[in-house]
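Notes for the one structure printed next.
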Amino acid sequence: MLISAVRLTRQGSYLIVDVETVNGWIEVIREKDDGTTPIGHICEASGLVQANRDACNQSSMNDLASSGGIRAAF
C-alpha cells in the first residue's frame with residue numbers, strides 16, 4: 001500500500017491520524033483527548049493494511065445500503 005501523506009487532526013475531543021492512499025484518506029488512529037493527552041503512536045504495516053481493508057469494506061457496505069441492496073441498519 002502506497003502512503004502519500006499522514007495527517008494528525010483534532011475533531012472535537014478526539015485526536016485523529018489519517019493516511020492518504022490511492023483510495024483517499026483512511027483513519028488509522030482515533031483517541032479521546034482531554035487536552036493533556038501526550039501524543040506518541042505507531043501504526044505498523046499490518047495495521048495500515050487492516051485499516052485500508054476496513055475502509056474498503058465500509059465503502060462497499062455504504063454503496064450497498066444506498067442502492068437499496070441491503071438495509072442501512074445492520
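When all heavy atoms are compared, the tightest approach of K32 to S13 is NZ-OG, 3.0 Å. The minimum heavy-atom distance linking I26 with A51 is given by the pair CG2-O, 3.5 Å. Scanning all heavy atoms of the two residues, the minimum distance from W25 to D18 falls at CE3-CB, 3.5 Å.
Among residues two or more places apart in sequence or in another chain, the salt bridge (Lys or Arg N to Asp or Glu O under 4.0 Å) test is passed with D54 by none.
Distance check: E31 CD to Y14 OH gives 10.5 Å after rounding to the nearest 0.5 Å. Note: L15 CG to L8 CG = 6.0 Å, rounded to the nearest 0.5 Å. Atom CD of Q58 and atom CD of E27 lie 11.5 Å apart (nearest 0.5 Å).
Grouping the Ile, Leu, Val, Met, Phe, Trp and Tyr side chains by contacts below 4.5 angstrom, directly or via other members, places V28 with I3.
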